[in-house]
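In what follows, every chain begins at residue 1, and chains take the letters A, B, ... in the order their sequences are listed.
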2 protein chains.
Amino acid sequence: MVMKKSFGIKDIAKMLGISVSTVSRALRDAYDVNPETKKRVIELTEKLNFKLNKNASALASGNTKNIGVVIPFITNYYFSTVISGIQEEAYNQGYNIILYVTNDDIEREKKLIENIATSSLDGLLISISSNSHIVEHFETMMRSGLPIVFFDRVPQQIQASKVVQSDFDGAYQATTYLIEKGYDRIAHIAGPSELSFTQERLRGYLQAHTDCKVPHHKEYVIFSGFGQSHGFDDTNALLSLPQPPNAIFAVNDRKAVGAIQALNQACIRVGQDFGVIGFTNDPISTVIEPNLTTIEEPAFEIGRQSCQLLIRHIKNKDFEPREILIPGRLIERQSVRSD
Amino acid sequence: MVMKKSFGIKDIAKMLGISVSTVSRALRDAYDVNPETKKRVIELTEKLNFKLNKNASALASGNTKNIGVVIPFITNYYFSTVISGIQEEAYNQGYNIILYVTNDDIEREKKLIENIATSSLDGLLISISSNSHIVEHFETMMRSGLPIVFFDRVPQQIQASKVVQSDFDGAYQATTYLIEKGYDRIAHIAGPSELSFTQERLRGYLQAHTDCKVPHHKEYVIFSGFGQSHGFDDTNALLSLPQPPNAIFAVNDRKAVGAIQALNQACIRVGQDFGVIGFTNDPISTVIEPNLTTIEEPAFEIGRQSCQLLIRHIKNKDFEPREILIPGRLIERQSVRSD
DNA sequence: TAAAAAAATCTAAACGTTTATTCGGTGTAG
DNA sequence: CTACACCGAATAAACGTTTAGATTTTTTTA
């Protein structure tokens with residue numbers, strides 16, 4: 001296989017009869033370089049389809065124009081949409097994204113984060129799998145000058161920029177909506193109890209009960225995984241209670257779908273005798289029958305804003321950490337009665 | 001913000017009283033280095049949590065340990081699963097993946113690919129948006145020594161490694177299955193006509209008609225986009241034909257879902273009077289009622305194998321291009337009658 | 001018209017590795 | 001006892017940029 005050696009900035013300089021530093025500057029800042037010269041450089045590089053060598057450039061300048069993204073899953077509507085938002089913003093600002101997937105496996109997350117080559121990253125965007133010991137590691141990274149923005153699943157202990165949907169509000173809204181529609185025995189099928197957003201949504205659910213003066217039963221809250229099957233099983237468990245609920249607020253749409261399937265199977269009329277509300281606004285909401293009423297999570301926006309915030313931190317190392325809360329909104333469909 | 005300057009291989013060398021080259025070699029090949037020395041080096045670097053500077057390393061050696069992945073979408077079950085497979089293999093072999101998303105926008109794809117910094121990539125994995133002029137660009141890249149593996153949507157004109165599901169076989173299988181179940185007027189709601197897999201699936205669909213000696217009507221094939229709504233509209237168009245079909249083979253599950261929704265709405269009993277079969281095995285197949293019978297696409301496997309193949313090309317520049325065809329399989333559910 | 005200021009460009013030293021080549025020391029064969 | 005091979009380690013030259021600081025050229029000012 002024959003491959004012609006590609007040329008560098010040096011060759012460009014020689015061809016134009018100017019020095020490399022001029023070429024280098026012409027290709028970037030335009031600081032202190034004659035517009036005329038700059039034009040000649042640009043023209044030649046375009047003609048030759050010349051690209052700067054990123055490694056050399058990163059080595060010399062310390063900026064890689066890469067940002068790392070660590071997420072638990074990718075085969076998932078929420079996370080793939082977040083990435084989509086990140087990607088969009090990164091693309092517009094000329095950054096590349098390097099993707100790390102932990103599969104929600106704590107061991108793997110630990111290994112991955114400890115081995116992350118920070119030298120090839122200008123910043124890091126993370127949704128953690130667990131509120132684990134790694135936190136310490138994050139602090140080391142940040143202290144060594146690597147900007148980090150946490151999103152969705154964030155560690156509370158750490159002082160850093162964070163971007164999350166307003167879980168409390170969404171849950172509160174969902175629950176009061178059910179109450180308004182006349183359901184009085186509302187269960188909550190929650191996520192793993194150690195995750196921050198599980199706790200927040202639970203809190204919103206409880207607060208709504210308090211504020212609306214609706215009594216709440218402890219056995220109506222079940223913690224389990226995120227899958228459709230979890231929703232299915234949890235619902236069956238609820239149905240076999242001495243006094244079953246007449247509505248369910250699910251921590252996400254997949255579990256809500258599992259719930260509806262269990263209810264359909266038990267011949268309970270969802271949307272009339274029984275209300276179900278989800279969280280996310282996954283496309284499956286419009287596939288399940290009846291269509292799922294849900295709280296939309298602003299996934300794309302979370303991605304976009306996290307990335308935007310990170311880039312600010314990158315460009316200005318003194319930028320103060322901030323927390324951004326993005327509201328969701330209620331999407332009314334048929335799994336809750338409408339009168 | 002105070003940040004302590006991180007140290008390099010040079011400092012390690014100084015601490016150990018040996019030369020940088022020895023440290024460098026100890027950290028990799030182990031070629032020509034005393035096991036004892038090597039051990040000392042490893043121990044110290046681990047203790048100090050020292051990481052090689054990737055940029056310097058890439059600059060000097062020419063290997064970045066990064067592979068680029070170009071896909072049309074990410075918010076999509078198929079592609080996110082493919083990435084999952086790629087990621088898995090890359091992680092195991094110590095590569096990072098840099099993600100590029102084109103949004104299926106040809107202009108953006110073009111710009112993106114032309115601007116890709118090949119200096120920071122050891123190889124490229126691509127699913128193209130269109131069989132466009134870019135092909136020429138790919139050839140330039142390959143000639144300049146960058147290994148490329150195409151997957152899913154591949155350009156036919158180009159001689160390179162490719163990994164695809166067996167679209168023809170899957171379509172053939174789907175169609176004969178419908179015929180076997182007694183449907184005799186089978187429509188095909190296809191994808192955009194210029195994509196290779198659209199053509200392949202259409203070919204399988206037609207071949208099945210020929211082989212089973214079932215007459216085929218031209219107006220039963222509709223080309224359109226990939227969305228649920230396209231499936232919905234296409235189906236309504238088919239239903240308003242003078243002689244409507246009694247079965248549909250959809251190019252993917254989303255369109256099949258749209259079809260089922262249209263049929264449900266028209267009060268046609270799917271799974272009995274009317275058969276619907278999809279392609280992908282998207283999780284929505286088990287959400288739609290009736291559950292969708294479909295051809296499973298081996299998305300994860302496609303990702304894994306593409307990546308594996310690419311890494312072989314990276315490690316051995318003389319490795320001959322090959323095409324890998326991965327079979328799908330029929331998943332029987334309720335949208336086709338079972339007798 | 002000389003001095004000062006501003007603009008444009010150049011020189012050369014980084015940046016932190018890799019790696020071909022060289023070197024010294026030890027063991028071994030003749 | 002000398003010559004040779006070999007192992008382990010050191011030297012130093014890349015790799016292709018960036019960027020202070022120096023230098024030259026041009027413009028402005030007095």
Establish, from distance only, whether the side-chain atoms of [X] and [Y] form a donor-acceptor pair under 3.5 Å.
X: B:T81; Y: B:S84; answer: no
X: A:Q165; Y: A:Y78; answer: yes
X: A:S24; Y: A:S21; answer: no

Atom pair distance, as rounded to whole Å: [atom1] in [X] and [atom2] in [N]:
X: A:F7; N: D:dC15; atom1: CZ; atom2: C1'; answer: 17 Å
X: A:E36; N: C:dA8; atom1: CD; atom2: P; answer: 11 Å
X: A:K39; N: C:dA8; atom1: NZ; atom2: P; answer: 15 Å
X: B:R28; N: C:dG16; atom1: CZ; atom2: P; answer: 17 Å
X: A:K65; N: D:dT18; atom1: NZ; atom2: P; answer: 12 Å

| note | To the nearest 10 degrees, the angle between the two end axes of the helix from C:dT1-D:dA30 to C:dG30-D:dC1 (five pairs per end) comes to 50°

| field | Lys/Arg-Asp/Glu bridge criterion (N-O < 4.0 Å) met for B:R304, B:E301 | value | yes

Just list the side-chain donor-acceptor pairs under 3.5 Å for residues 112-120 of chain B, sequence neighbours left out, or say none.
| residue | atom | partner | partner atom | Å |
| --- | --- | --- | --- | --- |
| B:N115 | ND2 | B:K111 | O | 3.0 |
| B:S119 | OG | A:K54 | N | 2.9 |
| B:S120 | OG | B:A117 | O | 3.0 |

| query | Between A:F7 and A:F50, what is the ring plane arrangement, given parallel below 30°, perpendicular above 60°, and tilted in between? | reply | tilted

| note | Residues at least two apart in sequence or cross-chain that pass salt bridge (Lys or Arg N to Asp or Glu O under 4.0 Å) with A:R108, listed by chain then number, are B:E88

Under 3.5 Å, side chain of [X] to main-chain N/O of [Y], donor-acceptor pair present?
X: A:R25; Y: A:D32; result: yes
X: B:E109; Y: B:S129; result: yes
X: A:T140; Y: A:E136; result: yes

| Got a sec? Which of residues 51-63 of chain B come in under 4.0 Å of DNA chain C, heavy atoms? | B:L52, B:N53, B:A56, B:S57, B:A60, B:S61

Taking N or O atoms only and anything under 3.5 Å, show me the protein contacts with nucleotides 8-11 of chain D, one pair per line.
| residue | atom | partner | partner atom | Å |
| --- | --- | --- | --- | --- |
| D:dG8 | N7 | B:D32 | OD2 | 3.4 |
| D:dA9 | OP1 | B:T37 | OG1 | 2.6 |
| D:dA9 | OP2 | B:N34 | N | 2.9 |
| D:dA9 | OP2 | B:T37 | OG1 | 3.2 |
| D:dA9 | N7 | B:R25 | NH2 | 3.4 |
| D:dA10 | OP2 | B:S19 | N | 2.7 |
| D:dA10 | OP2 | B:S19 | OG | 3.1 |
| D:dA10 | OP2 | B:T22 | OG1 | 3.0 |
| D:dA10 | N7 | B:S21 | OG | 3.0 |
| D:dT11 | O4 | B:S21 | OG | 3.2 |

| said: Just to verify, what does B:S127 make a side-chain contact (heavy atoms from CB on, under 4.5 Å) with, not counting sequence neighbours? | reply: B:P72, B:F79, B:F151, B:D152, B:R153

